[in-house]
Amino acid sequence: MGNQYVKPQRTGNSPYTRSGVPPPALVKTGDKPLHRVNDRMSLELHMADERVRASGLSPAEREWRKKWVHDQHLHADEPVVVDAVHRQLNPIRTAYRLPWDKFYLHYLKPTFGVYYGTAVRVTVPKLLMAFVVIQTAYYYWKYEVKDWTHLRGLESMPQKEIIVNAPAIEAKFPGLMDKGLANPSKDDYYTPTFNKRTAYLDIGETKRPW
């Protein structure tokens, strides 16, 4: 077509064709197969009928076709999954996957089947690893030492900021520098939450008789 294409003039109101002419009605009106299908939109045409499709075959071709049809039926043991063909793992991955692979092979697959067994085999180890990572991060955040000698954990000392025009700011806005900037010295170089701890509060002398 290229540059020689000319849009046809519309002679009808059908939205399914460029010319507006409605498509021809289909001869086939039901699901019953016909020996000769005159459906213009069918890609099978006369090949939809097995007798018509095999009408021009020689006896040798019919024998080959019979063998081919029988070959499409799988054996009871098929398909055979060879793990070494589909998965090539290095020794490290083989070692840490071995327990779950054995658990899948001897319990999950016979109990839940291939689909659900594989889903459990893939999902549960990842959830366990995510749980361990989250618990480790939570333990590190909650129990790790946090003071001026150990800049670890999620709460750490900020670095001292260098402001070039600090005297001018202090002269124009007295006290703003102390309120706006972090000063570790006012907390004795402990974390800001150290003085708010409740573990070692002095509650005074005891009133117990012993």
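Computation of the quantities below employed the complete heavy-atom set of this structure, encompassing side-chain atoms and omitting hydrogens, waters and symmetry-equivalent molecules.
- Between F103 and W100, the two ring planes are perpendicular [angle over 60°; tilted spans 30° to 60°].
- The main-chain N or O of A168 is never found under 3.5 Å from a side-chain atom of N165 such that the two would form a donor-acceptor pair.
- Within a 6.0 Å sphere centred on CG of L98, other residues, nucleotides and ligands contribute more than 12 heavy atoms.
- E63 contributes no side-chain N or O that, together with a main-chain N or O of P59, makes up a donor-acceptor pair within less than 3.5 Å.
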Solution key, residues 112-125 side-chain donor-acceptor pairs under 3.5 Å, sequence neighbours excluded:
from : atom 1 : to   : atom 2 : distance (Å)
T118 : OG1    : Y104 : OH     : 3.2
T118 : OG1    : V114 : O      : 2.5
R121 : NE     : D101 : OD1    : 3.2
R121 : NH2    : D101 : OD1    : 3.0
T123 : OG1    : A119 : O      : 2.8

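- Within 6.0 Å of CD on E205 lie no more than 12 heavy atoms contributed by other residues, nucleotides or ligands.
- Side-chain contact between E170 and F173: absent, with no pair of heavy atoms (C-beta onward) separated by less than 4.5 Å.
- With sequence neighbours excluded, the residues forming a ring-ring contact (aromatic ring centres under 6.0 Å, His included) with Y138 are W141, listed by chain and number.
- Residues meeting the ring-ring contact (aromatic ring centres under 6.0 Å, His included) test with W64, sequence neighbours left out: none.
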